[in-house]
Amino acid sequence: MSGGAEIVLSGISKRYDTGVDALADIDVTLRAGSFTSIVGPSGCGKSSLLRIVAGLVAPSSGHCRRGDGAQPAFVFQEAALLPWRNVERNAQLLMELAACRPEQMRQRVAEVLQLVGLAGFERAYPHQLSGGMRMRLSLARALALRPDLLLLDEPLAAVDELTRDVLQEELSRMWRQGGFTGVLVTHNVHEAVYLSTRVLVMSPRPGRVVDVIDVPFPFPRAPELRATPAFAQLTGRVSAALRQPTTI
Ligand SMILES: Nc1ncnc2c1ncn2[C@@H]1O[C@H](COP(=O)(O)OP(=O)(O)OP(=O)(O)O)[C@@H](O)[C@H]1O
Ligand SMILES: [Mg+2]
């Protein structure tokens with residue numbers, strides 16, 4: 001796997017000024033070009049950790065080292081599109097904020113809309129798209145930045161199961177083509193295993209990493225992988241780690 005930024009988290013803890021201890025003793029290295037999922041109970045600090053990796057929130061102690069000049073992009077659970085902008089103009093939003101040249105924006109927008117299967121919908125408005133299409137647009141907007149690091153906070157939580165399976169396959173394809181390091185927060189153990197090279201399991205708050213599970217299946221992963229005994233065994237292992245978070 002080539003491309004992407006390496007992320008080194010050393011001794012990270014986070015206490016908010018409300019006194020809530022969200023994270024404790026996080027020591028993890030995410031290899032360049034890897035795809036890591038983070039699973040854990042609600043409120044255990046997953047979004048906080050993702051924000052620390054993105055540089056949006058400072059840890060209370062420890063540090064997060066991102067590869068030199070790494071360009072992160074964040075995809076939130078809600079597609080967060082601007083309703084008055086059409087697909088094309090939503091897709092170029094982050095590039096505008098990054099002061100990209102207009103011709104570069106046009107070219108990249110065309111590329112990423114093709115990549116996420118939205119070519120032909122450039123003039124449509126968000127309310128004219130399905131939930132899955134809105135999420136694809138949100139992904140396109142992040143990918144247009146050519147990130148070295150793509151951070152995804154439950155991006156597929158709001159779509160139905162069939163759409164979710166399809167979007168997982170698309171996301172996996174984009175990751176293989178995109179040359180970025182991926183970090184995905186999800187509540188869905190199957191999604192975590194299907195997409196990832198590694199799954200981190202967190203304890204209840206303050207969140208600690210209680211298990212690190214390498215996922216050995218080669219890429220590209222066929223949709224049928226989800227129905228194999230080996231897949232069931234690994235998802236079972238992640239679920240068991242979630243149920244017994246204090247064993248390590
Ligand atoms: N900006 C903030 N200020 C104060 N407390 C916060 C802030 N953001 C998060 N918290 C607290 O930190 C803890 C962890 O929150 P976080 O959103 O990281 O959890 P999470 O694992 O993403 O949960 P969920 O699975 O429900 O999304 C919670 O107790 C939350 O109330
Ligand atoms: Mg969260």
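All residue numbers refer to positions in the sequence shown, counting from 1.
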Please identify which of these residues, [options], meets the side chain to side chain contact (heavy atoms under 4.5 Å, CB included) condition with [X].
{"X": "Glu88", "options": "Arg106, Met105, Arg123", "result": "Arg123"}
{"X": "Met135", "options": "Leu81, Val116, Val75", "result": "Val75"}
{"X": "Val201", "options": "Val189, Val209, Asp211", "result": "Asp211"}

Has the side chain of Thr181 got a donor or acceptor atom that lies under 3.5 Å from a matching backbone atom of Ala5?
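It does hold such a pair.
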
Asp27 side-chain N/O to Gly11 backbone N/O, donor-acceptor pair under 3.5 Å
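Side chain of Asp27 to backbone of Gly11, a donor-acceptor pair under 3.5 Å: yes, one is there.
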
Roughly how far, to the nearest 0.5 Å, is [atom2] of [Y] from [atom1] of [X]?
{"X": "Phe76", "Y": "Ser47", "atom1": "CZ", "atom2": "OG", "value": "9.5 Å"}
{"X": "Lys46", "Y": "Asp153", "atom1": "NZ", "atom2": "CG", "value": "8.5 Å"}
{"X": "Thr197", "Y": "Phe35", "atom1": "OG1", "atom2": "CZ", "value": "8.5 Å"}
{"X": "Thr163", "Y": "Arg136", "atom1": "OG1", "atom2": "CZ", "value": "8.0 Å"}
{"X": "Leu152", "Y": "Ile38", "atom1": "CG", "atom2": "CD1", "value": "10.5 Å"}
{"X": "Arg66", "Y": "Asp148", "atom1": "CZ", "atom2": "CG", "value": "10.5 Å"}

My understanding is that only one of His190, Arg173, Arg226, Arg221 makes a side chain to side chain donor-acceptor pair (under 3.5 Å) with Gln168; could you say which?
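Exactly one option meets the side chain to side chain donor-acceptor pair (under 3.5 Å) with Gln168, and it is Arg226.
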
Partner of Gln107 under side chain to side chain donor-acceptor pair (under 3.5 Å), chosen from Glu103, Glu111, Gln104
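Passing option: Glu111.
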
Hydrophobic clusters here meaning ILVMFWY residues chained together by side-chain heavy-atom distances under 4.5 Å, can you tell me if [X] and [Y] are in one?
{"X": "Tyr125", "Y": "Val109", "value": "no"}
{"X": "Leu137", "Y": "Leu93", "value": "no"}
{"X": "Tyr16", "Y": "Ile26", "value": "no"}
{"X": "Leu139", "Y": "Leu97", "value": "yes"}

Ala144 and Ala91: which non-hydrogen atoms are nearest, and at how many Å?
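For Ala144 versus Ala91, the nearest heavy atoms are CB-O, 4.0 Å.
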
Would Ser61 and Ser13 count as having a side-chain donor-acceptor pair, cut-off 3.5 Å?
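Yes, a side-chain donor-acceptor pair sits under 3.5 Å.
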
